[in-house]
Amino acid sequence: MSWLRALKETARSGLTVERQRLEPAVAARGALGLALVVGLSLALFGPAVAVSSAFGAFQAAIATFQRSWRPRPTLALASGASLAVSTFLGYLTGAHEALFLALLLFWTFLSGLAWAAGPTAGIIASSNVAIMLVTVTLPTSVATAAGHAVMIFAGGVVQAVLVVLLPVRRWGAQRDALADALAAEADYARRLRHDPVAPFDPVPLMTARSAAAVTPRQARTRPAELHGARGLAERIRPVLASLADPAVGVPEEGPERARVRELLAAAAEVLDAAAHAIRHGVPVTLPPAALRTPDTDAILKGPSRRAALRLTALLGDVVETADPRTETPETPEAAGAPAGAGTRTRPTLLQLVPVVIAEVRAELRPDSPVLRHAVRVSAVTAAGYLLGTWLPFGHGYWAPMASVMVMRPDFSQTYARSVARFGGTLVGVALATAVVRSAHPGTYLSAALAVVCAFGMYLLMRTGYAAGQTFVSAYVVFLLGMEGAGLTQTVRERVLLTLLGGVLAMLSYAVYPAWETPRLRGRLADWLASVGAFAAVVAARYADPAGPASPDVREALLRTRAARVAWQEAVARATHEPVRHRGLSHAAVEQAEHALAEFGRVAMLLEAHLPERGAPPVPAAAALAESLRRSTERGAKEVRERREPHWDDLRETVTAWSAQPPDHFLLHKGAALLLECLEELTTALMGSARHG
């Protein structure tokens, strides 16, 4: 993609306003906390302290909106505390420009590395730097700076207290995650009626798994219906695929296929009903004729009959578990979930420190996108600060503040947010300045207008960065207007400084990029290695039966899902990069993704029919497991090295089985399908190499 087209696509993305479900009650709670903090601070300490405390409350509320499964009060407190420390340290060095610049470089570099711990940590850390650039200009002494830091933390405390006292849809995020997973299963069942080999996106199940991890305090208050259903949803997916796939034995047409379609439609209705019940905390209401197929045993035979019976049992467990009237199961097995799929413990923030340090250390390598982002954002922020100070506009922090808030580890988000911030700032600053210059609001009216703008930002935050930025810019103008600061600056000057910060951010990515496109082969190799390991573990369980809930199968499946999502995210980031493909064309990406998705689907079919613990073993499966492991490990290495991957070990196994197949209805057919998928992958990669 050319630079011109990339800029056009990212600009359009940044200015897009999305239709999202608004949360006015949550937005009103955040605005109420801000109003309480600003009002009390004005009455007791005056405008300067009120501005500092308002920034603390404002950011603490934003932190509670981030996609995190931690308790919201914890996020608010962490945000307030970290901002208080940032501001106080900034003020201590603010009188010495060289020392403050060194702190700014160090603090911004750490905020860039914070993205290794996830987007929530990265956003909070970036906001700390941006707000620090404003708040360090407010105090006049060390004692006053300490007081401002205390008030900033108090703002976070107020927001945390309000989350506890005024809960809005308690456990709502976890309910939505689990309901989305069940709804995704329902949609999958409907698509299987028309396309027996339809793909399934594992992201909803991964999100639900992440949401299921709780702290010890959360575990004591978690609603009963949030137990067990996720494990059941995990087990239903391969059963649905097994029931629909013609490879397992049901013809593509005829009475058996018609009955399978009926069962899939009924399963979709049951799963939708369970999703609705969990999302809203109401009893499950089933359709009148759900799963009432008394003659199924007479129509379906063999593997399809077993899959139908297993599906009916699992759906019954889902209905029972999703009903809020049921008791909390004491064990995962009591909820029908596989071992290891029950209560997952989320570490506390202190327990998370060594984990985060390890993740950050893992990113300290030259090719790390996170490290490159940390270098870029620290250099750009320092340059923006120096330029803003040198230019005769005053309040030069608008430039570095814009840079640090728009910069992200990937190209698309950085450029899209730069355009969105400039557009939002242009509108927000113009409107707010027009109000200030025409109405001349006093201190308390400016505070009220700032709270209104904060409410608008909280309400529209998820609809697009440009919409939220309009209210943020107006909020800053009104907030600083409480103290009389910033009124000497014109709209033109503020917008120019914001434009300067955005341009610096965009130039930094062009000069020191971290393109995802050249790394696509590595991401594909990671997915190949993980899905190959999953298929090998599944095959090994036919030779040594351990039951469907085998922990090693579960762990291999989770690694496969993570690798697949990493590949999909990498492809999405590479789509708008102005980089010519390095050996993987768009057609090759699509064909390779289809091949590995099919490989994973076949492995899932094998997983759906794993023998029970104690069942007679299939000795030939051990050879299949070993050939899968060797072939995919070597193939992944060849993909990384841009060589043609070969699957000789697996091909030899399949050829040997042609004369004497193993005593299992699916193993031989499954092995041949797995080899066919890998050969399709070779075709995709070699076709790309010839045209690259």
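A donor-acceptor distance shorter than 3.5 angstrom exists from the side chain of Tyr91 to the backbone of Ser141, with no hydrogens or angles considered. For Tyr509 (side chain) and Trp515 (main-chain N/O), no donor-acceptor pair under 3.5 Å exists by modelled atom type. The backbone N or O of Leu364 sits nowhere less than 3.5 Å from a side-chain atom of Ser368 that would complete a donor-acceptor pair. Although no hydrogens or angles enter the test, the distance criterion places no donor-acceptor pair under 3.5 Å between the side chain of Gln59 and the main chain of Leu83. The backbone N or O of Trp527 sits less than 3.5 Å from a side-chain atom of Ser530, completing a donor-acceptor pair. Between the side chain of Thr64 and the main chain of Ala61, a donor-acceptor pair closer than 3.5 Å is present. Remark: side-chain polar atoms of Thr414 are paired, donor with acceptor, to backbone N or O of Arg408 under 3.5 angstrom. Looking only at distances, a side-chain donor or acceptor of Ser53 sits under 3.5 Å from a matching main-chain atom of Ala50. For the pair Thr207 (side chain) and Val203 (backbone), a donor-acceptor distance under 3.5 Å is present. Distance alone, capped at 3.5 Å, places no donor-acceptor pair between the Gln469 side chain and the Gly423 backbone.
Note on ring orientation: taking the six-membered ring where Trp is involved, the planes of Phe55 and Tyr475 are perpendicular (angle over 60°, cut-offs 30° and 60°).
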Check against side chain to side chain contact (heavy atoms under 4.5 Å, CB included), Phe478 and Val452: CA-CA 10 Å; Phe478 288 130; Val452 171; over 6 Å; no
Candidate pair Phe422 and Val406, rule side chain to side chain contact (heavy atoms under 4.5 Å, CB included), full reasoning: CA-CA 10 Å; Phe422 175 72; Val406 302; over 6 Å; no
Check against side chain to side chain contact (heavy atoms under 4.5 Å, CB included), Trp567 and Leu520: CA-CA 7 Å; Trp567 157 261; Leu520 285 180; 4.2 Å; yes
Derivation of the side chain to side chain contact (heavy atoms under 4.5 Å, CB included) call for Arg640 and Asp526: CA-CA 9 Å; Arg640 288 192 182 92; Asp526 292 341; 2.4 Å; yes
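With rounding to the nearest 0.5 angstrom, the OG1 atom of Thr108 is 6.0 Å from the CE atom of Met132. The line from CE of Met401 to OG1 of Thr381 is 11.5 Å long, rounded to the nearest 0.5 Å. Here the CG-OG1 distance, from Leu431 to Thr470, works out to 8.0 Å after rounding to the nearest 0.5 Å. Between the CG atom in Leu504 and the CG atom in Leu499 there is a gap of 9.5 Å [rounded to 0.5 Å]. With rounding to the nearest 0.5 Å, the separation of CD in Glu577 from OG in Ser412 is 6.5 Å. Separation of atoms OG (Ser473) and CZ (Arg421) is listed at 6.0 Å; rounding is to 0.5 Å.
Closest non-hydrogen pair, Gly155 versus Ala60, comes out as O-CB, 4.5 Å. Residues Gly396 and Leu497 come closest through the heavy atom pair CA-CD1, 4.1 Å. Residues Asn128 and Ser79 come closest through the heavy atom pair OD1-O, 4.2 Å. Contact record, Tyr465 with Arg417: CE1-NH2, 2.9 Å, taken as the closest heavy-atom pair. Across every non-hydrogen atom of Phe100 and Thr93, the tightest pair is CB-O, 3.3 Å. Residues Gly428 and Ala474 come closest through the heavy atom pair O-CB, 3.8 Å.
Residues passing the salt bridge (Lys or Arg N to Asp or Glu O under 4.0 Å) test with Asp367 are Arg365, sequence neighbours excluded. Residues passing the ring pair (Phe, Tyr, Trp, His ring centres under 6.0 Å) test with Phe65, sequence neighbours excluded: Tyr458. By the ring pair (Phe, Tyr, Trp, His ring centres under 6.0 Å) test, Phe88 pairs with no residue at all, sequence neighbours left out. The side-chain hydrogen bond (donor to acceptor under 3.5 Å, both in side chains) check on Ser403 picks up nothing, with sequence neighbours excluded. With sequence neighbours excluded, the residues satisfying ring pair (Phe, Tyr, Trp, His ring centres under 6.0 Å) with Tyr415 are Phe411. Evaluation of the side-chain hydrogen bond (donor to acceptor under 3.5 Å, both in side chains) rule for Ser418 yields no partner, not counting sequence neighbours.
In this structure the side chain of Val419 never reaches within 4.5 angstrom of the side chain of Thr10, judged on heavy atoms. Counting only heavy atoms from C-beta outward, the side chains of Leu391 and Leu500 approach each other to under 4.5 Å. Within the 4.5 Å cutoff, side-chain heavy atoms of Trp115 are placed close to those of Ser126. Contact annotation: the side chain of Ser41 approaches that of Val37 to within less than 4.5 Å [non-hydrogen atoms, C-beta and beyond]. Met482 places a side-chain heavy atom less than 4.5 Å from the side chain of Leu479. Side-chain contact check for Leu460 versus Leu22: some heavy-atom pair is nearer than 4.5 Å. Between Phe471 and Leu459, the closest side-chain pair of non-hydrogen atoms is not below 4.5 Å. Between Leu685 and Leu584 there is a side-chain heavy-atom pair separated by less than 4.5 Å.
No option in Gln568, Glu516, Gln413 other than Glu516 meets the side chain to side chain contact (heavy atoms under 4.5 Å, CB included) test with Arg573.
Glu569 has no carboxylate O lying under 4.0 Å from a charged side-chain N of Arg523, or vice versa, which leaves the two without a salt bridge.
Heavy-atom contacts from other residues, nucleotides or ligands closer than 6.0 Å to CZ of Phe106 number 12 or fewer.
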